Every structure is written in C-alpha cells, then in structure tokens.
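Only one structure is covered here, and it is reproduced in the block below.
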Amino acid sequence: MNYQKSIAIFCVKESVHHIPDDWVALKDAQAAAYAACGYTRSTGRPSFVIAYGLGQALQSASAMLTSWGDKQQVVALNKIDRNDFSVIKNAYSAVTRGSFVIQERREISNVVNRIREIISQKSPIHVIVSNAVNLNEIVEEWLKADGVIAKAAQPVVSNDTIKKAAGILNSFKKPVIMLGTGAIKNCDPSTIASLAHKLGSPVLLTASATTMPHTILERYVQTFKSETLLIPSGNLVWVKAFASADGILALGSALSEVDWCGLKDIKISRARIIRVGLEEQNPEIGYQFISMDAECFSQKILQELSKMGVSGVDGNRKRKRMKKLEKACQTWKKRIIIEAKKCENLDYIEPRLAAYEIVRNAPDNTLFISEGGACGMWLWSYLWLRPIIFPVQHGTIGVPVPMTIGAMKGSPANIVWNIVGDGAFFYNARELQTLKNSGLSPVFFVFNDSSWSAIRLGQTFIFRGRYKGTDIQDTNYAGLANLYGCEGISVTKPAELTKAVQYAKTYSNKIPLVIDIKMRKDHLPYAGANFVLAELDGAIKSILLQSTLSFIISLIKGTMPKGTFKSLFQIGRN
Amino acid sequence: MKIPGINFHWGNGGELVAQRLYDLSIKIIISLPGSQVLPIWDGVSSRFDMQVVVPRSERNGAFMAEGYGQASGFPAVLMSTLGPGVANELIGVYSAKASETPVMCISPYHPPNKYSRLGEVFQGLDHPKFFYESCKENILIESNSAKELLESIDNTFATCLKNPCGPVRLDISFPILFQHGFHKVKKTAESIQPNVPPMLFIIKEDPSISSLLESIDFLNSKGEKRVLSPGIGQPGFGLPFALGVKLAYPKTPVVLTTTYELLMSHLDSFAVAQLYNLSIRVMGKDKTSDSIKQITNFFGMEYIKEPENKNDLERKLFERQDSLTVLLS
C-alpha cells in the first residue's frame, strides 16, 4: 500500500462558518478546485475540494476539467440539494473518472474505501453528498487510515510475452523510452535508468511527466546525472530523438497529442511502439499493449536482457548516438542562452530575455507555475528539468494564482515563482487577496504585451495579420496588485528587469509580489509547436496554403520583430 | 452575386457562420479568443458590422450574454474555444437556462475521429455530456455540409427564442470552419425585434437593495423600471451581467446594487468596460473610502456619494444615461 499522510481541503470562504485549521478557503469554487489541483501537482498527494450548493458545484466542474486532463488525484465533494443531483452528475461525468453518491451517513465508510482503492488509477473523482450528511465525517473517515491509498492490482503477464518484448526492444537501432505520469509515480528511477542504459536509449519525459511533483523530479535528476540521458519535453532535441526513433517503449504514457502521438494530419514518428500500462486506451495509434505495471515490466525486461547477454550502450554503436544526443542537449541549452543574451542591450524587453533571467536567477528550491499561452511556452523554452506546474493536457489559462495557493500549502518549504500572461491575469486575480491574507509571498512575473499573444500568432500565420480582438488595453498590473494589497513593480527595460529579478530572489515580505514586465507584441516562443499542432489537428491540411501565404506576408510586412526567424533558425540548427 | 433571398458566398466555414449570424441580425458576439474560433472572428471582422466583445473570462462572458438576452429578449452569441474555454461557461449558461434567457452558445468542437479518445486529445472535453442538463438543447454539427451548418444556426436561433426561452448550444466540428468552398446561401431565417427598453434597469446582486432606489416612482409618465438578476440565484456575477444589459441598451441607465467585496471580485469587468468605452460610476455612502477611490481612479471611473434623498438620486441616475451605476450597499 502507498502510505500518504494527510490531505488538503479547499473550499469557498463564505460557505463555511468556522473554517477548520486544515482547510484552505478561497473566494470562489473554481479557484478552490484549481488550488486543490495545485496541491496535488506539487506533492503527488490527493486533495479535496468542497462545493456547497449548485452554483459552487458548477464552478468547480469547470476547473475539474484541468485535473481530469492530467489525471490529478483530486476529489470533488459536492454538497447539494437532491433536486440538483442530476445536472451535477451529468456535468461531472465528463470531467471525472469515478463517481459516487453519499445519501446517508452509513454509506460514508464504503465510499471512502472505494475512493482509496481506485484513486491511483481513476482520478479525479466526484462525490455527491446529500444535505443530510456531514462533510467532516467524510474527512475523518479518510484520515482514519491516514489517507492511505491502494496501489493498483498487478496484472499477470506471461514469461513468453516478456521474452518477445525484450527481443523486440533489443532489435531497435534507435530506441527511445517515453516515460509518462503513469510510470513516474510507481517506478524507481534507477530501474528506468538501468533499462535505458541497457537498451542504449535516451529517456524522453512526456509533457505531463515533465511537470511531475518536485520530490519525484529531484530523484530522477539525481539518478540520471551519471547514468544516461533524461530529456524533458518542449525542445527540439526531444522532437528529433522521438522523430528519428525506430522503436518506442512507452511506459505509463497515454500517447497523447501533446506528445506528438495520435495526430491525424501529421505523423511525426513511424516507430514501432510498445506501450506498457495498466489501462488500455483506444489502440487507434497502432501499438502493442502490455498490461503491466511499468516498474515490474522494466525489472523483468532487465532480467531478460541480461539473460540474452545484452551489454547495453557500452562498446555499442548506440553509444555514438547517445553522445550525439547529449551534445545536442548541451548545444540547445547554450544556443537559447546566446539568443537571450543578444537582447540584453536592447531598449525594450524581449520575452526570451525575461524567461532566461527568471529561470537562471530562481533559487534552487523554486517551484515554477505557468499556464497555457505564450508566457508558458517561453518558460518551457528555458526550463530544463526544474519543477513546473502546468496544465498540459488542456493548456488552461488563468490557473496560476489559485494553483499557487495549493502548491504553497503542499510545499511550504519551496519558493513559488509564476510566469503568467496579461490576458488571463484577471481570471483569478481576486485570489491575490487570499494569498495576501495568508501571509504568503509568491512572485508573479506578468508577461505584459497587451495582447492575447498565442492567438495573435494564429492571426499572423493564418489570417495574414488581421488582428481583430486580440489587443488588450495597456494595464498597469503592478498597480492592480496594489489594489489587492500586494506589492507591485513595473519594468520596461532589461536593466530594470535584472534589478527586479534580483529583488524577487531575496524577497521576504509576507505578501505576494507582482512584477509587470512590459514587452512588445508579436513574438515566437521556441517551445509549443506540439500544442499548436495538437490544437489545430484535423484542419492543418485546410490551412496549409493560407498559412504559407500568411507566413510570406508576415515576412514582407515585418510583423514579427526582426531577428525572430533568424533566432529560431539558430536554435534549430543542431 | 445576389438574387433576392439567395446569396452566393465564397469563403470558409467560419465566414459562413459570420454571414448567417449577420442575416439573423445578431449584433453582439461575446467571445474570448481561441485558435479554433479564429475563422469566425475573421469572418466577422472582415465583412460585417457586428461587435465582438472580448471579456476577460468566459465565465463572465456567459453572464454578460445572459444580461444582454434578459434585457433585450434577443440573443447574444456566446462563443468560446473548445475544451477549457467552453467549460468556463458552464455556470453562466446554466444561469441563463434558469432565468429562461435566450443565448446562442456557439463553439468549435472536436472532429468525430477523436471522440473515442478525448482523454488524450488536446483540450478534450465531451461538450454535449458536460452541458447535458445545463442548457435548453445541444446541437452538434459533424459533417462539412454548408447547408446543414446554416440550418443548424437557424435552428439554434429559433430554439433559443421559442418559449420557454433558454440557452442553446451549437457545437461545430472545427475543421469545417477552416475549409474553403463556394456556397449557395438561402436566406430563410426571420429575425425578431429586441424588446423596447424601460426607463431604467435595476440589477439586484445584493438583496438589501437601497430603499431609496425602491422608493423612486417611475410610473408617472417616465416609464417603467425593470428589475433583472442572473438566474443562478447566488451573488457574484452582477457586474458582468449588468455590462451585458448595458451592451444591449447603451443609452438606458442601468443600476447594479452590490457590495464592496463583490466589486473586488470583478475588477476584470471594469477593464472590459474601459476597453469598450462603457462608463461606470460607483456610488457609495462614504465618499472618503480610500479603497473604493483607488479602484475607480485606477480604471478611470467616477466615484460619487449616494444622494440622501430620492429626487437627487433620480437626477443622478438620469444625468448620465449612458452610464452603468454601481450602487454599493
């Protein structure tokens, strides 16, 4: 059994007269659900979000989608009137993987036990609670077993299957191991590292796995330092390794679109895929599925490979490939820094400089949080195996402020730095007050280019620069922070940015700090192509011609700042 | 090329949608940008004189649409990108259903070949399932037939206005929106006229409405006052709702009664008002309240002390007919 101590409970302030010490109260239910998600993402432990009444339950449902997409262990407890059961049940059926109803007190124990049994495999979970049931009793029932959750049952796989799989894996000349969230939760990093070494394969973290809880990430980074190559998602090296592979071992990965899998219009990889996991998804993509826990599978394969006398990457031509990939990683990291430094003497701030300065100056125990959109893509461009909380499967925006509340609850020893966009800043800005009242001091870097940047890129490259509706009025976010009782700084030049980041590094006031970084519109992040292609998959062939024309027009008109494409070319030539 | 009652149209599906909405006399599209809705946006921007209002969250956009529809009796179009964008609309759409308000909720949707693995599809969400009981009806377009698309838009319009009115969702498989083609567009839909506005709209977010406001008698030749509220029945969305009412009738005074706490939760609505030159005045009992003055100064809004007698209040409300007055209790 996995032993999990304690849980976190998030609710809405106005609904609870006396808020227990353990509970965290926010201003609305949607924010509470995001906070629960932030807690779970930072710790890997389950969290509860409580909604009272139909309105709160509906708001919470909107946020549960993000937890559903990334399979986070969040339990939504909705205390509602019997008349509203049906509408809530329907809404939540689309955004949760397990559903229960507690109508009477005597049902509590059974339901809580069932949640414990399934939550590691089926999350998030939804529980409708009738008005006759006391929520505190549900919490107490959970805590009776100290929040223990069950590990999933292990399917039995024949030795023959293992032998065949080992043979196939050994035959690959350019293998990759794709490590997903389903595996990182349960696998020992050293097992994965040994397997990768044996196969002569780099380990590619899926986009979701790249956002694994920091405690798990630390173990992986330590283990892979000397063993073999661990490549996070969001850079060209990952894409090249994936695209050039002739065989993919997908451990605990759902092969989702953000990992370049299952796209209808574009096929990035022609590799043969062996997918290992506990749940078979629709096999449209075409892979061999082995129903097994990734850790068990890896160990059995290692044993089999040893029996076969496979020596691994040492003395093997695969070593050349691994060295090439390692060099490519170093080159990538070096080049993006060079490109950032080119902007140091400009009289305005380029987002790549901002992302670089923020990441390199962030203290070692920093937890980064970001959101879908250009700001998040810039952060991904400059992060390399550092903890990040990011809504991968849905690219949701407006989540950082409430997720910060949850993350800081779960990881109080960590510093939290957010990179947020100006477009979505207002979504949950009201929760800055919650952070301020809690005496917490996260930092928010607002990439303020007065536009919905990511969408504007679509208008540039598909609609010939017809910018309708993607301009936002110039807003002073530092001043806005002051309205919520927080500290705010505005910066417009690189020197000011450097000073502000240094200030953030040593910041210790017990209120949030908002740094408003004013930038120009129209920039092109180095990461995010996977999200763009996934977003438009199904229509890519239709827009190919018009986007080619748009691209040429944007070059002629100079819509993008000078040097954007040159910069991309520099990064791309590996 | 124009034949009476029939148009020939070259363009993509998004432009076709924009054309049809124009034919239906839709004036307002409340929409947050997303890649998949861009073809419709582009269609609206390049040809027609419809206003696209961009809220700062889909949730508040949905309440704006409800306010607009409740005040005018005519639907606004609420348009969000698929997945998380549409999910944020949920409470607002349900509110419109509860208040029997016509709203056309149009959004792009996944192509049919992705339905079986929505959990692995980027921004995947089963829209019809999610909204099953939260709207009046769900309509889904999967084929790339222009005829079917146009009929569905007409159907959505007609259904949301059919008694009892309510929000109707139209999900359009998004590749259709990007596909170009030559279409014959037969104009079959008949539009309707919006309601005649009263002299004053009052939106009650805070139940303890000012007794001074209630005592104002508009029946003596000035016309009626109409009291509206979001159907969800919980406070928190009065300001975006009121903005929607204001968008429907820019020249009719609108008063929202709310609290300082709720106001602080909706500073984004001030930003939207600023962007679209909608004037907001905050009226409170204590003129020296620093925090309220900070907010109104920040957004370039006016703060005035609530008058002590009903004649002065009435005068204040009508001296700026284009204004949305926020009355703090």
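In this text, all values refer to a predicted model and were calculated from it rather than measured experimentally. Letters go in sequence order (proteins before strands), and every chain restarts at 1.
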> Relative to chain A, which segment of B:Pro108 carries a heavy atom at a distance below 4.5 Å: side chain, backbone, both, or neither?
Replying inline: neither

> Do other residues, nucleotides or ligands put more than 12 heavy atoms under 6.0 Å from the CZ atom of A:Arg466?
Replying inline: yes

> How far apart are the C-alpha atoms of A:Tyr484 and B:Met264, what are their side-chain angles, what is the distance that settles it, and do they pass the side chain to side chain contact (heavy atoms under 4.5 Å, CB included) test?
Replying inline: CA-CA 8 Å; A:Tyr484 288 114; B:Met264 282 302 291; 3.7 Å; yes

> Salt-bridged, B:Lys114 to A:Glu257, with N to O below 4.0 Å?
Replying inline: yes

> Do the non-hydrogen side-chain atoms of A:Gln546 and B:His180 ever get within less than 4.5 Å of each other?
Replying inline: yes

>> Shorter than 4.5 Å, heavy atoms on both sides: which option in A:Gly69, A:Ala61, A:Gly398 has the most such pairs with chain B?
In response: A:Ala61

>> Run the side chain to side chain contact (heavy atoms under 4.5 Å, CB included) test on A:Ile455 and B:Thr81 for me, step by step, so that the C-alpha distance in whole Å, both residues' side-chain angles and the decisive distance to 0.1 Å come before the verdict.
In response: CA-CA 11 Å; A:Ile455 310 307; B:Thr81 196; over 6 Å; no

> Which of the residues B:Val37, B:Leu32, B:Val53, B:Leu177 is involved in the greatest number of heavy-atom pairs with chain A at under 4.5 angstrom?
Replying inline: B:Leu32

>> If you count heavy-atom pairs within less than 4.5 Å of chain A, which of B:Ser95, B:Pro128, B:Ala87, B:Ser134 leads?
In response: B:Ala87

>> For a 4.5 angstrom cut-off between non-hydrogen side-chain atoms, does A:Lys468 reach B:Leu38?
In response: no

>> Less than 4.5 Å to any heavy atom of chain B: does that hold for the side chain of A:Asn530, its backbone, both, or neither?
In response: neither

> Which atom pair, heavy atoms only, marks the closest approach of B:Gly83 to A:Leu65?
Replying inline: C-CD2, 3.6 Å

> What pair of heavy atoms forms the shortest contact from A:Gly469 to B:Val54, and how long is it?
Replying inline: O-CG2, 3.6 Å

>> What I want to check is whether the side chains of A:Tyr427 and B:Glu58 have a donor and an acceptor closer together than 3.5 Å.
In response: yes

>> I need the residue from A:Leu54, A:Thr475, A:Thr66, A:Ile88 with the largest number of non-hydrogen atom pairs under 4.5 Å to chain B.
In response: A:Leu54

>> When you compare the side chains of B:Gln294 and A:Asn482, does any donor N or O come within less than 3.5 Å of an acceptor on the partner?
In response: no

>> Quick check on B:Leu82 against chain A: is it the side chain, the backbone, both or neither that has a heavy atom closer than 4.5 Å?
In response: neither

> Would you call A:Lys264 and B:Asn113 a side-chain contact if the rule is heavy atoms closer than 4.5 Å?
Replying inline: yes

> What are the two closest non-hydrogen atoms of B:Gly124 and A:Trp68, and how far apart are they?
Replying inline: O-CZ3, 3.3 Å

> How many angstroms lie between OG in A:Ser542 and CG in B:Asn12, if you round to the nearest 0.5 Å?
Replying inline: 9.5 Å

> Under the 3.5 angstrom rule, does the side chain of A:Gln393 hit a backbone N or O of B:Gln123 as a donor-acceptor pair?
Replying inline: no

> Measuring from A:Leu483:CG to B:Ile295:CD1, what's the distance to the nearest 0.5 Å?
Replying inline: 6.0 Å

> Is the CZ atom of A:Phe85 crowded by more than 12 outside heavy atoms at less than 6.0 Å?
Replying inline: yes

> Can you tell which of B:Phe299, B:Phe178, B:Phe131 has the highest number of heavy-atom pairs within less than 4.5 Å of chain A?
Replying inline: B:Phe178

> Top residue by heavy-atom pair count (under 4.5 Å) with chain B, among A:Gly479, A:Ser86, A:Gly395?
Replying inline: A:Ser86

>> In the structure I gave you, are the side-chain heavy atoms of A:Asp28 and B:Arg59 within less than 4.5 Å of one another anywhere?
In response: yes

>> Can you tell me which portion of A:Val392 sits under 4.5 Å from chain B's heavy atoms? Options are side chain, backbone, both or neither.
In response: backbone

> Heavy-atom distance under 4.5 Å between the side chains of B:Glu261 and A:Lys27, does that happen here?
Replying inline: yes

> For B:Phe237, is it the side chain, the backbone, both or neither that has a heavy atom under 4.5 Å from a heavy atom of chain A?
Replying inline: side chain

>> Counting heavy-atom pairs under 4.5 Å with chain A, which one of B:Val86, B:Ile232, B:Leu125 comes out on top?
In response: B:Leu125

> chain B: which of A:Gly423, A:Pro391, A:Ala424 shares the most heavy-atom pairs with it under 4.5 Å?
Replying inline: A:Gly423

> Hey, what do you get for OH (B:Tyr94) to CD (A:Gln59), rounding to the nearest 0.5 Å?
Replying inline: 13.5 Å

>> Counting only non-hydrogen atoms closer than 4.5 Å, does A:Phe531 touch chain B with its backbone (N, CA, C, O), its side chain (CB onward), both, or neither?
In response: both

>> The criterion is side-chain contact (heavy atoms from CB on, under 4.5 Å); which residues satisfy it with A:Ile266, sequence neighbours excluded?
In response: A:Ile268, A:Leu533, A:Ile540

> Within a strict 4.5 Å, meaning less than it, do heavy atoms of the A:Leu536 and B:Ser35 side chains meet?
Replying inline: yes

>> Show the nearest heavy-atom pair for residues A:Asp471 and B:Leu275, with the distance to one decimal.
In response: O-CD2, 4.5 Å

> Considering all heavy atoms of both residues, which atom of A:Ala91 and which atom of B:Phe130 are nearest to each other, and what is their separation?
Replying inline: O-CD1, 3.2 Å

>> Please classify the contact between B:Pro111 and chain A as side chain, backbone, both or neither, with a heavy-atom cut-off of under 4.5 Å.
In response: side chain

> For chain A, which of B:Lys129, B:Gln179, B:Gln36, B:His127 has the most heavy-atom pairs under 4.5 Å?
Replying inline: B:Lys129

> Is there a donor-acceptor contact under 3.5 Å from the side chain of A:Gln473 to the main chain of B:Ala271?
Replying inline: yes

> Passes side chain to side chain contact (heavy atoms under 4.5 Å, CB included), A:Val87 versus B:Tyr132? Steps please.
Replying inline: CA-CA 7 Å; A:Val87 64; B:Tyr132 185 62; over 6 Å; no

> For the side chain of A:His394 and the backbone of B:Phe122, is there at least one donor-acceptor N/O pair under 3.5 Å apart?
Replying inline: no

> Does A:Gln459 reach the side chain of B:Trp41, with side-chain heavy atoms less than 4.5 Å apart?
Replying inline: yes

> How close do B:Asn88 and A:Gln30 get, heavy atom to heavy atom, and via which atoms?
Replying inline: OD1-NE2, 2.6 Å

> Is it the side chain or the backbone of A:Asp474 that comes within 4.5 Å of chain B heavy atoms, both, or neither?
Replying inline: neither

>> Return the OG to CZ distance between B:Ser45 and A:Phe463, rounded to the nearest 0.5 Å.
In response: 9.0 Å

>> Assess the residue pair A:Val258 and B:Glu120 against the criterion (side chain to side chain contact (heavy atoms under 4.5 Å, CB included)); give the C-alpha distance rounded to whole Å, side-chain angles, the decisive distance to 0.1 Å, and a yes or no.
In response: CA-CA 8 Å; A:Val258 295; B:Glu120 287 78 55; over 6 Å; no

